[in-house]
Amino acid sequence: LLALTSSTPHTGSCSIKIEGDITLGGLFPVHSRGPAGVPCGDVKREKGIHRLEAMLYALDQINSDPDLLPNITLGARILDTCSRDTYALEQSLTFVQALIQKDNSDVRCSNGEPPIIPKPERVVGVIGASGSSVSIMVANVLRLFAIPQISYASTAPELSDNSRYEFFSRVVPPDSYQAQAMVDIVKAMGWNYVSTLASEGNYGESGVDAFLQISREAGGLCIAQSIKIPREPRPGEFDKIIKRLMETSNARGVIIFANEDDIKRVLQAAKKANLTGHFLFVGSDSWGAKSSPIQDQEEVAEGAVTILPKRASIDGFDQYFTSRSLENNRRNIWFAEFWEDDFKCKLTRPGIKYDPSRRKCTGDERISQDSQYEQEGKVQFVIDAVYAMAHALHSMHLDLCPGYMGVCEKMDPVEGRMLLQYIRSVNFNGSAGTGVMFNENGDAPGRYDIFQYQMSNVSNPGYKDIGQWTNHLRLNPEEMQWSGGDRRIPDSVCSFPCEPGERKKMVKGVPCCWHCELCDGYQYLLDEFSCDMCPFDMRPLPNRTGCRPTPIIKLEWSSPWAIIPVFLAILGILATTGVIGTFVRFNDTPIVRASGRELSYVLLTGIFLIYLITFLMIAEPSVAVCAFRRLLLGLGMCISYAAMLTKTNRIYRIFEQGKKSVTPPKFISPTSQLIITFILISVQLLGVFIWFGVMPPHTIIDYEEQKPPNPEFARGVLKCDMSDLSLMLCLSYSIVLMITCTVYAIKSRGVPETFNEAKPIGFTMYTTCIIWLAFVPIFFGTAQSTEKMFIQTTTLTVSMSLSATVSLGMLYIPKVYVIIFHPEQNVQKRKRSFKAVVQAATVSTHLSMKSSEKQNGESKIEPDRSQ
């Protein structure tokens with residue numbers, strides 16, 4: 001049964017030949033890649049020998065099965081790829097020799113007869129290869145000769161391209177499914193920012209490309225860095241890789257499509273950099289549940305999530321393989337090498353120099369008893385690949401050779417394109433009990449087990465099954481455990497969620513990264529990415545997720561800003577009431593009559609109204625309050641200053657007229673004075689009523705007045721619709737009267753003080769001007785203050801009360817004092833004519849200019865106010 005094409009396993013062309021009616025090809029990485037200049041290296045026990053023996057086991061099972069290909073024996077030609085694509089290409093030419101037409105017409109034997117050339121065996125299909133790069137190389141050749149190929153381990157997504165690799169099928173799912181499963185795992189763990197790491201070559205690069213493409217299509221996942229590990233890494237290369245990964249340290253998740261050696265060296269570099277527990281690896285099926293990549297690096301690998309095509313251990317193969325020995329397995333030309341490597345002994349073989357440092361093999365060693373044995377993970381898929389080919393041939397035989405025992409003419413030779421159609425149509429339960437089938441691209445369904453390497457709180461540290469993926473993810477987060485036994489899934493995000501009231505400012509080109517910016521001022525969070533201003537009458541909630549009404553305030557009676565003005569107003573009202581009562585009580589006494597009773601009562605009424613306005617300015621604004629504010633604010637001052645202006649004007653006219661003539665001036669009688677006063681007052685009233693008609697009084701809520709930078713202190717101020725300008729216009733007429741009165745007081749300053757009230761009125765006006773000059777900068781200087789309403793209201797009311805108090809104090813308190821405490825002075829003086837009064841005043845004025853000793857004359861003269 002066994003034919004050796006070479007007796008030197010490491011170098012020349014060597015293969016296993018098993019005779020049969022139909023021959024299948026086999027490609028296995030029996031040896032590793034050799035050093036420079038040498039095609040093959042050491043024997044690979046699991047990936048090489050286990051898988052090769054799985055094909056031999058499957059052939060034995062099929063050939064002994066009476067229901068599958070009855071009376072047809074499957075043979076094989078099995079080659080070693082030495083884990084190198086170029087070497088595998090050379091080897092695979094063996095499969096197509098029978099299909100290459102050779103011209104032997106000019107070849108003759110020595111007797112002149114044409115040579116008898118044995119017909120080379122015809123391979124109908126190939127099982128293999130293992131590595132994706134090897135399968136791609138071989139598939140390009142087999143496609144030319146229409147030889148179907150079924151791989152048991154190649155998972156590169158590139159091989160799903162039916163237009164380029166139409167004769168290629170596989171019983172393992174492509175990496176595109178694996179990449180989809182890995183994307184689902186990453187998203188299930190709440191990660192959105194990861195890096196990728198790939199070994200250079202078809203497997204690593206195409207796996208990462210599939211992951212990148214699927215993550216882009218799925219959205220919500222960003223790649224921080226995509227790093228490639230060179231085929232021949234230079235010293236320090238892996239340290240540089242770790243350093244690059246740390247440039248985006250927030251991307252703790254690392255998706256790794258790499259071979260075992262690269263995985264191990266990445267873990268070593270991470271450990272060397274003292275980054276144990278920082279990186280969270282998600283490994284592809286090349287990591288799977290293997291112990292070799294993490295040997296001596298368990299702490300760094302802790303928490304790594306890995307993926308592996310769903311598989312099962314085949315008990316029948318274990319019984320078959322552990323019973324193999326040098327005696328009963330001579331068909332496997334590489335079994336002796338495996339034996340030496342597995343048992344760490346040396347066989348005496350022709351052409352091999354004896355090594356005295358190693359013990360000699362006895363041949364009585366037993367697998368799993370004298371050595372460690374664990375079934376290689378792809379054994380199940382090798383068996384399924386062979387069975388898939390057998391089922392396709394069986395279906396083909398039933399259709400082309402119905403009832404025929406053996407291979408009929410229609411299947412000799414087997415037409416490759418037709419066989420491919422039968423392969424794509426198979427559907428049977430495989431060695432592990434799962435269905436074996438292919439889609440239109442020759443890919444098997446995606447079925448994966450998900451593992452996590454755990455150390456803490458596990459009696460046997462190792463890989464723990466935490467979920468499955470069959471077109472969708474089923475993950476058990478409660479089974480997951482991370483570095484230090486932590487059950488909480490670590491973060492691998494570019495930016496953490498923004499706090500309430502913060503908007504995302506995206507980083508250009510990286511949709512998973514953003515900066516959080518607080519919605520400041522009076523803004524609230526409109527949506528995830530933008531802030532908007534609250535309506536003018538609202539302010540943001542403390543967490544800025546919405547808006548709330550701004551509190552409404554007004555000047556309260558209990559406020560310190562109100563207590564002082566109210567106190568002054570009450571004192572003023574009491575004093576004014578006392579003066580009015582005194583004047584009424586002593587209405588006919590000389591002092592009251594001499595002060596001009598009629599105008600005095602008018603003036604005192606104005607003073608009373610000035611004090612009264614304080615209460616209206618502090619009262620809660622309403623339509624009625626606002627109307628009375630407009631009416632009385634300027635009216636009280638207007639009444640007072642109109643009466644004082646009339647008085648000073650009368651005095652001035654009397655003495656000016658006296659200098660020219662002895663005839664008294666017109667309109668100096670009490671009635672005339674009252675008429676003049678009321679005419680002056682009526683101007684103010686007319687202006688107010690016009691204002692009422694143009695703009696009826698109403699209340700407003702001013703949200704701008706108390707709107708500081710911090711919205712927590714924002715308040716809406718309830719007030720009347722009187723702006724600063726309208727308030728000043730309301731007082732402007734009274735100010736004009738006040739200024740005019742002051743001018744007349746200055747002009748009348750030469751009149752003897754014993755004659756009239758000119759000088760007290762003058763002092764009153766001077767003091768009033770000073771008060772209002774101080775009022776203006778205080779009033780307008782606080783326009784930007786958050787306490788504007790309170791300060792301005794207090795300033796206005798206090799200024800008005802002080803003005804009224806000055807008038808009351810200088811004009812009437814001395815008179816009241818004399819009336820009450822010195823009634824002996826409140827007596828009638830003798831009357832004198834207007835002429836005598838003027839002459840006396842004129843003489844007095846001349847004398848005061850000549851002599852300072854007789855400034856004021858010898859006698860007090862009361863002018864006759866009845867004239």
Side-chain angles (χ1 to χ4, degrees), residues 500-501 518-526 531-570 612-634 688 691-692 694-731 775 778-801:
L518 182 67
C519 295
D520 56 359
Y522 288 79
Q523 295 180 328
Y524 72 99
L525 190 65
L526 179 63
C531 301
D532 196 14
M533 292 295 293
C534 284
F536 76 97
D537 59 344
M538 303 186 83
R539 59 177 179 165
L541 292 168
N543 61 7
R544 295 185 178 270
T545 55
C547 296
R548 52 180 170 162
T550 302
I552 308 301
I553 62 166
K554 56 182 178 59
L555 186 56
E556 301 291 343
W557 293 103
S558 58
S559 168
W561 297 104
I563 291 174
I564 295 174
V566 168
F567 178 72
L568 292 176
I570 291 173
L612 187 65
I613 194 65
T614 296
F615 298 94
L616 288 172
M617 295 299 293
I618 295 174
E620 181 176 346
S622 65
V623 174
V625 169
C626 292
F628 278 111
R629 279 189 191 180
R630 285 193 191 183
L631 180 64
L632 299 181
L633 182 61
V688 171
W691 188 10
F692 280 159
V694 173
M695 189 183 296
H698 61 276
T699 59
I700 59 169
I701 299 174
D702 188 347
Y703 291 96
E704 297 298 324
E705 183 172 313
Q706 290 203 27
K707 201 168 188 178
N710 186 350
E712 288 300 308
F713 299 109
R715 299 292 183 269
V717 179
L718 176 64
K719 60 183 185 179
C720 293
D721 61 327
M722 292 176 67
S723 64
D724 293 348
L725 179 61
S726 62
L727 185 142
M728 294 311 297
L729 288 174
C730 183
L731 295 174
F775 159 79
I778 295 174
F779 186 85
F780 290 101
T782 57
Q784 303 303 319
S785 171
T786 55
E787 304 285 338
K788 170 187 171 183
M789 183 194 75
F790 303 142
I791 295 174
Q792 290 187 342
T793 301
T794 301
T795 304
L796 178 63
T797 52
V798 168
S799 297
M800 294 182 73
S801 294

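Note that the numbering runs from 1 along the sequence shown for the chain.
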Exercise for the section: Show the numbers, then the answer: is there a side chain to side chain contact (heavy atoms under 4.5 Å, CB included) between L526 and C531? Expected result: CA-CA 5 Å; L526 179 63; C531 301; over 6 Å; no
Practice task
Take F615 and I570 through the test side chain to side chain contact (heavy atoms under 4.5 Å, CB included) and record every step on the way to the result.
Solution key: CA-CA 9 Å; F615 298 94; I570 291 173; 3.7 Å; yes
Exercise for the section: Begin with the C-alpha distance, continue with both residues' side-chain angles, and end with the deciding distance and a verdict on side chain to side chain contact (heavy atoms under 4.5 Å, CB included) for D537 and I701. Expected result: CA-CA 9 Å; D537 59 344; I701 299 174; over 6 Å; no
Practice task
Would you sort out whether T614 and S801 count as a side chain to side chain contact (heavy atoms under 4.5 Å, CB included), showing the intermediate values?
Solution key: CA-CA 8 Å; T614 296; S801 294; 3.7 Å; yes
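Other residues, nucleotides and ligands place no more than 12 heavy atoms under 6.0 Å from the CE atom of M695. When the shell of 6.0 Å around CZ of F692 is examined, it contains more than 12 heavy atoms from other residues, nucleotides or ligands. Sparse packing is recorded around CD1 of I564, with 12 or fewer heavy atoms of other residues, nucleotides or ligands lying under 6.0 Å away. Within a 6.0 Å radius of CZ in F628, other residues, nucleotides and ligands contribute 12 heavy atoms or fewer.
Nearest heavy atom pair, residue V798 against residue P565, reads CG2-CG, 4.1 Å. For C534 against P540, the heavy-atom pair with the smallest separation is SG-N, 3.5 Å. Shortest non-hydrogen contact noted between L616 and R629 is O-NE, 2.7 Å. Here the shortest heavy-atom pairing between L633 and L731 reads O-CD2, 3.7 Å.
Proximity of K719 to T699: side-chain heavy atoms (C-beta onward) are nowhere separated by under 4.5 Å. The side-chain heavy atoms of I553 and F790, taken from C-beta on, include a pair separated by under 4.5 Å. Two residues are said to be in side-chain contact when any heavy atoms from C-beta on lie closer than 4.5 Å; I563 and S559 fail this criterion. Looking at heavy atoms from C-beta onward, C547 lies in side-chain contact with P535 at the 4.5 angstrom threshold. In this structure, C730 and W691 have side chains that are in contact, with non-hydrogen atoms separated by less than 4.5 Å.
Remark: R630 pairs with D721 by the side chain to side chain donor-acceptor pair (under 3.5 Å) rule, at least two apart or across chains. Every side chain to side chain donor-acceptor pair (under 3.5 Å) that N543 has, sequence neighbours left out, goes to T545. Residues passing the salt bridge (charged side-chain N to carboxylate O under 4.0 Å, His left out) test with D532: none are found, sequence neighbours excluded. With sequence neighbours left out, the side chain to side chain donor-acceptor pair (under 3.5 Å) criterion links K554 to E556.
Rounded to the nearest 0.5 Å, atoms CD1 (I700) and CG (L718) are 9.0 Å apart. In this structure, L796 CG and I791 CD1 are separated by 13.5 Å, a value rounded to the nearest 0.5 Å. Atom-to-atom distance recorded for Q706:CD and I552:CD1 is 10.5 Å, nearest 0.5 angstrom. Rounding to the nearest 0.5 Å places OH of Y522 at 13.5 Å from CE of M538. Here the CG atom belonging to L518 is positioned 9.5 Å from the CG atom belonging to L525, to the nearest 0.5 angstrom. Rounding to the nearest 0.5 angstrom, the gap separating the CG atom in L555 from the OG1 atom in T797 is 8.5 Å.
Salt bridge annotation for E712-R548: present, with a cationic side-chain nitrogen under 4.0 angstrom from a carboxylate oxygen.
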Could you pull out every donor-acceptor pair under 3.5 Å between side chains of residues 617-624 and any protein atom, sequence neighbours left out?
{"residue": "S622", "atom": "OG", "partner": "V625", "partner atom": "N", "Å": "3.3"}

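R539 places a side-chain N or O within 3.5 Å of a backbone atom of P711 that can act as its donor or acceptor partner. Under the 3.5 Å distance criterion, the side-chain polar atoms of R715 are left unmatched by any main-chain donor or acceptor of T550.
Pairs of residues two or more places apart, or lying in two chains, that qualify as ring-ring contact (aromatic ring centres under 6.0 Å, His included) and include a residue from residues 536-555 are F536-Y703.
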